[in-house]
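A short worksheet on the structure shown next.
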Amino acid sequence: MSLAERAGLALLRGLDPERAHDLALAALRAGVAPLPGLVTSPRLRTEVAGLRLPNPVGLAAGFDKNAVALHPLARAGFGFVEAGAVTPRPQPGNPRPRLFRLPEDAGVINRFGFNNDGMEAVAARLEARPRDLVLGLNLGANKDSADRAGDFAAVLARLGPWLDFATVNVSSPNTEKLRDLQGAEALAALLARVTEARAGLARPLPLFLKIAPDLSEAELADVAAVAREARLDGIVATNTTLARERLRSAHAAEAGGLSGRPLFERSTRVLARLAELTRGEMALIGVGGVASAEDAYAKIRAGASAVQLYTALAYEGLSLGARIAEGLDALLARDGFESVAEAVGTGRDAWT
């Protein structure tokens, strides 16, 4: 991390977390944030659900909810970027404060509630997206919608022409009853609507499902079976957790989803179990607590074809994605792997 980035982080940590996030996006858009550029190598280049990635380290949804900083993010060292979540209509989300740092735990709690500008505003930005970026979108539903499955389908139909992949997010804990859509019957009906919308696109794209880390063994098996039946391209494991275990920070009892370091073990165990359940039939994206090359490598060896991060950027800076990719390259070389794909799942038994 450069001295300039270290100083910028120190400044942002003195501000309200949501205000700090908004300023970080503004700095990106203004071109004042240092950017490492593309990070790739023969070992790092990989293919996930037909997507050709320069490296397997992605930026998770939530950082750029409204797709306002895609051009600078294309130069931030990530192998792919996921914007959103986006809903059909704009919505303000939950009342502030709704974002809390947990510095002693290297975590964050948020209860944003799908705050975003809505699909029409985002459509205008996606039309001007950088073409050298592998770009996905997290699909959401409006809080007051009477047809949430229809919302997911509508966002995909409207924005799909400018995307490389899309993720159905039924696992945010901050929209009332959204997680109920992870039940087998409701999930199957929802995915039928979304896959129908995908079929209507001129250029069909990979479709992923993002799940919660708090599912029971039976619920996880149901999700895997429904995803397989719907012929999804992959599962993103996982979203934030409602669990509160061994936390030390002052805001540990705040309502919302917990992310960052405290989520790493829980999310990686879910990932490894999914790798068993899906038997290599679909790609898995590992999310939750990734803050180092070693974390990314552990997720890959547990069964992930690629990883995503977000929370750790608040503590380690935007250059973290590039540093993780470079470190991952070295770890693969150290252990004799010629590609990311060779390493996928090689350490799964340690987590199951």
* Asked: Is the side chain of D164 donor-acceptor paired with the backbone N or O of G136 at a distance under 3.5 Å, no angle test?
  -> no
* Asked: Taking only residues two or more places apart in sequence or in another chain, which ones pass side chain to side chain donor-acceptor pair (under 3.5 Å) with R203?
  -> none
* Report the residues that fulfil side chain to side chain donor-acceptor pair (under 3.5 Å) with R269, sequence neighbours left out, ordered by chain and then residue number. => E265
* Please list all pairs passing the salt bridge (Lys or Arg N to Asp or Glu O under 4.0 Å) test where one or both residues lie in residues 35-45, with sequence neighbours left out. => R43-D329
* Mind checking salt bridge (Lys or Arg N to Asp or Glu O under 4.0 Å) for D147 and listing every partner two or more places apart, or none if nothing turns up? => R193
* Count the heavy atoms of every other residue, nucleotide or ligand shown that sit under 6.0 Å from CD of E120, and state whether that count exceeds 12. => yes
* To do: Taking ring pair (Phe, Tyr, Trp, His ring centres under 6.0 Å) as the test, write out the residues that go with F80, two or more places apart.
  => none
* Asked: Looking at OG1 of T238 and CG of L271, how far apart are the two atoms once the value is rounded to the nearest 0.5 Å?
  -> 9.0 Å
* Asked: Should the heavy atoms of other residues, nucleotides or ligands under 6.0 Å from CZ of R246 be counted, would the total exceed 12?
  -> no
* For N142, enumerate each residue passing the side chain to side chain donor-acceptor pair (under 3.5 Å) test, keeping only those at least two apart in sequence or located in another chain. => T87, Q91
* Which residues pass the salt bridge (Lys or Arg N to Asp or Glu O under 4.0 Å) test with R244, sequence neighbours left out? -> none
* Below 4.0 angstrom, N of the basic side chain to O of the carboxylate: do R89 and D151 qualify? -> no
* **Atom CD of E185 with >12 non-hydrogen neighbours under 6.0 angstrom** => no
* Just jot down the salt bridge (Lys or Arg N to Asp or Glu O under 4.0 Å) partners of R248, sequence neighbours excluded, or say none. => D105
* Report the residues that fulfil salt bridge (Lys or Arg N to Asp or Glu O under 4.0 Å) with R52, sequence neighbours left out, ordered by chain and then residue number. => E47
* Using modelled atom types only, decide if a donor and an acceptor are shared between the side chain of N66 and the backbone of V68 within a distance under 3.5 Å. => no
* Do Y297 side-chain atoms and A343 backbone N/O form a donor-acceptor pair below 3.5 Å? -> no
* Would you list the pairs meeting salt bridge (Lys or Arg N to Asp or Glu O under 4.0 Å) in which at least one residue belongs to residues 208-218, sequence neighbours left out? => R179-D214, D214-R266, E217-R273
* Structure fact -> Residues passing the side chain to side chain donor-acceptor pair (under 3.5 Å) test with T195, sequence neighbours excluded, are none
* Structure fact -> With sequence neighbours left out, the residues meeting ring pair (Phe, Tyr, Trp, His ring centres under 6.0 Å) with F100 are H251
